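Data first, discussion second: the structure below is written as structure tokens.
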Amino acid sequence: MTIRIGKISLWHVHAWDYIKQAQEHEDTVMAAIWDEDSERGQEAAERLNVPFYASLEDMLAQDNIDAVIVDAPTRLHEEVITAAAKAGKHIFTEKVIASTIKEVNTIISDVQENGVKMTVSLPRLNDGYTLTIQDILKQGLLGKVTYVRVRLSHNGAIANWLPEHFYDLKDCQGGALIDLGCHPMYLTNLFLGQEVTGVNANFGYVTGKEVEDNAVATLFTDSGAIGVVEAGFVNSHSPFAIEVHGTEGTLLYGTPEDKLLIRTNVGSDQQKEWTEIPLLDRRESAFSQWVSHIQNDTMATENLQTATQLTRLMEAANLSAKEGRKISLKELQG
């Protein structure tokens, strides 16, 4: 059965990327558009030759719409995702699910109660370097993990290619960290492999925007392991970079080339010099995984758990930067 998809907003810069994925997947088609900006929505509908709905309620009421892709402003996520869930539509959404854990819990509850399938786009979980690093950690080649650093930045704010609405604090609920920093945040949390108990964040405003364009967040654990998350909109030629350090070794990726290097003291894999490790193949995209969950009546349990934790960490980071102190995750009310 072909899954007919309604688009909830084209606000996000990746909106057309997800439309392209839907067009290219053999089991999905774009079938309708709603946008809080009616002019933008009508233009997209004309381009796709599908109906435009001025009312989200009207689009969700259509029996021939099976699912939705959400690229609405972050501030609208709870409203539009819960509406889609209550209408019985499966949901694929851009990160973050929402900016607070309270909103996320409401969304997840409605998704579960209405039996729809939801998947969050966390694309770097599926890349070969992530899968390879996870395999190295499972083998114990680094010993006990003590420090993780992941950096992702671009020059969008100084080269003026980011849309102006990406600097709207109300719509975005934050800046470089909650947008671009989502990726290093969930990767750092993954590679630490243990519970994060505290977060301390610092924001910079290089271009004087309403939201931060330069950010760092430090993640703390009870074991003493530390994670460092870096993101920015004001950095030219800044490579995506991963470092994982442990009691028995270190691995590096992307500094600056897309190679994974390791030094380890462990067993037959002991390396006195840096050695390149071939990357595993990437797995299917989050969008394809979502389609499979719909078709096979399965749940994206791990994906939703990761996305929920992502919001918890982001909420703590935003609160930390605002109040100038370390935030215990126990402080956050769900």
Side-chain angles (χ1 to χ4, degrees), residues 73-78 81 93-109 120-122 124-125 130 145-153 166-205 209-233 242-244 302-334:
T74 305
R75 69 174 175 85
L76 295 180
H77 273 205
E78 181 181 9
I81 296 176
T93 182
E94 178 62 89
K95 47 69 182 164
V96 290
I97 298 178
S99 60
T100 70
I101 195 63
K102 183 178 180 180
E103 292 174 289
V104 168
N105 287 343
T106 297
I107 290 169
I108 297 297
S109 177
V120 183
S121 180
L122 306 173
R124 291 175 186 265
L125 291 177
T130 300
V145 172
T146 56
Y147 190 90
V148 177
R149 171 183 171 265
V150 185
R151 176 175 180 79
L152 181 61
S153 296
F166 260 52
Y167 308 121
D168 186 311
L169 181 59
K170 181 179 178 182
D171 273 354
C172 301
Q173 303 289 290
L177 191 66
I178 202 169
D179 175 58
L180 199 60
C182 277
H183 304 294
M185 185 69 85
Y186 63 68
L187 289 176
T188 299
N189 184 60
L190 176 69
F191 298 147
L192 279 171
Q194 54 194 291
E195 182 182 4
V196 174
T197 55
V199 177
N200 199 359
N202 289 282
F203 292 168
Y205 298 82
K209 306 291 187 183
E210 187 178 18
V211 300
E212 82 280 359
D213 52 26
N214 211 14
V216 60
T218 305
L219 313 184
F220 300 94
T221 68
D222 287 343
S223 74
I226 294 173
V228 177
V229 177
E230 301 173 12
F233 293 159
I242 299 172
E243 301 176 23
V244 184
E302 185 175 342
N303 172 271
L304 294 180
Q305 289 174 343
T306 300
T308 298
Q309 176 68 351
L310 172 60
T311 286
R312 183 178 286 109
L313 295 171
M314 282 295 171
E315 183 179 7
N318 283 333
L319 185 61
S320 172
K322 180 180 179 180
E323 298 187 358
R325 64 184 180 90
K326 179 180 175 181
I327 302 298
S328 167
L329 267 64
K330 293 180 180 179
E331 295 181 45
L332 305 182
Q333 301 297 316

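Please read all numbers here as calculations on a predicted model, not as lab measurements.
- Put simply, CD1 on Ile226 and OG1 on Thr146 are 9.0 Å apart, with the number rounded to the nearest 0.5 Å.
- In terms of heavy atoms, Ala98 sits closest to Ile107 at CB-CD1, 4.2 Å.
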- Task: Any chance you could lay out the side chain to side chain contact (heavy atoms under 4.5 Å, CB included) test for Leu310 and Asn189, step after step, and finish with the verdict?
- Result: CA-CA 8 Å; Leu310 172 60; Asn189 184 60; over 6 Å; no

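- Scored by the ring-ring contact (aromatic ring centres under 6.0 Å, His included) test, Phe191 finds no partners at all (sequence neighbours excluded).
- Residues satisfying the side chain to side chain donor-acceptor pair (under 3.5 Å) criterion with Ser109, sequence neighbours excluded, are Glu113.
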- Could you walk me through whether Val211 and Phe203 pass side chain to side chain contact (heavy atoms under 4.5 Å, CB included), step by step? CA-CA 9 Å; Val211 300; Phe203 292 168; over 6 Å; no

- Task: For side chain to side chain contact (heavy atoms under 4.5 Å, CB included), just list the numbers for Phe166 and Lys209, CA-CA rounded to whole Å, side-chain angles, deciding distance to a tenth of an Å, and then say yes or no.
- Result: CA-CA 10 Å; Phe166 260 52; Lys209 306 291 187 183; over 6 Å; no

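- Between Ala176 and Gly232, the shortest heavy-atom contact is CB-CA, 4.0 Å.
- For the 3.5 Å distance criterion, the side chains of Asn200 and Thr218 fail to qualify, holding no donor opposite an acceptor.
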- Query: Does the pair Leu329 and Leu313 meet the rule for a side chain to side chain contact (heavy atoms under 4.5 Å, CB included), with working shown?
  - Reply: CA-CA 8 Å; Leu329 267 64; Leu313 295 171; 3.9 Å; yes

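- The minimum heavy-atom distance between Ala215 and Leu177, with the atom names listed, is CB-CB, 4.0 Å.
- Contacts of Tyr205 classified as ring-ring contact (aromatic ring centres under 6.0 Å, His included), with partners at least two apart in sequence or in another chain: none.
- For Thr311, the side chain to side chain donor-acceptor pair (under 3.5 Å) test picks out no residue, with sequence neighbours left out.
- Heavy atoms only, all atoms of each residue included: Val150 and Val148 are closest at CG2-CG1, 4.1 Å.
- Side-chain atoms of Ser320 do not come within 3.5 Å of backbone N or O of Ala316 as any donor-acceptor pair.
- Between Ile178 and Ser99 there is a side-chain heavy-atom pair separated by less than 4.5 Å.
- Listed by chain and residue number, Lys170, Asp171 satisfy the side-chain contact (heavy atoms from CB on, under 4.5 Å) test with Asp168 (two or more places apart in sequence, or in another chain).
- Listed by first and then second residue, the salt bridge (Lys or Arg N to Asp or Glu O under 4.0 Å) pairs involving residues 210-232 are Arg149-Glu230, Arg151-Glu230 (not counting sequence neighbours).
- Interatomic distance, Thr100 OG1 to Leu332 CG, rounded to the nearest 0.5 Å: 9.5 Å.
- Annotation: the span from Leu125 atom CG to Leu190 atom CG amounts to 6.5 Å, rounded to 0.5 Å.
- Residue pairs meeting the salt bridge (Lys or Arg N to Asp or Glu O under 4.0 Å) criterion with at least one partner in residues 318-327, sequence neighbours excluded, are Glu323-Arg325, Arg325-Glu331.
- Between the CE atom in Met185 and the CE atom in Met314 there is a gap of 4.0 Å [rounded to 0.5 Å].
- For the atom pair SG (Cys182) and CG (Leu152), the distance works out to 10.5 Å, reported to the nearest 0.5 Å.
- Residues passing the side-chain contact (heavy atoms from CB on, under 4.5 Å) test with Glu94, sequence neighbours excluded: His12, His14, Tyr18, Asp71, Ser121.
- Taking all atoms of both residues into account, the shortest heavy-atom contact from Ala317 to Ala217 is CB-CB, 4.4 Å.
- Judged as a side chain to side chain donor-acceptor pair (under 3.5 Å), and not counting sequence neighbours, Asn202 has no contacts.
- Residues forming a side chain to side chain donor-acceptor pair (under 3.5 Å) with Gln305 (at least two apart in sequence, or on another chain): none.
- Contacts of Phe220 classified as ring-ring contact (aromatic ring centres under 6.0 Å, His included), with partners at least two apart in sequence or in another chain: none.
- The two residues Glu78 and Thr106 have their closest heavy-atom pair at OE2-CG2, 3.4 Å.
- Note on residues 176-205: pairs passing salt bridge (Lys or Arg N to Asp or Glu O under 4.0 Å), not counting sequence neighbours, are Lys95-Asp179.
- With rounding to the nearest 0.5 angstrom, the CG atom of Leu122 is 8.0 Å from the NE2 atom of His183.
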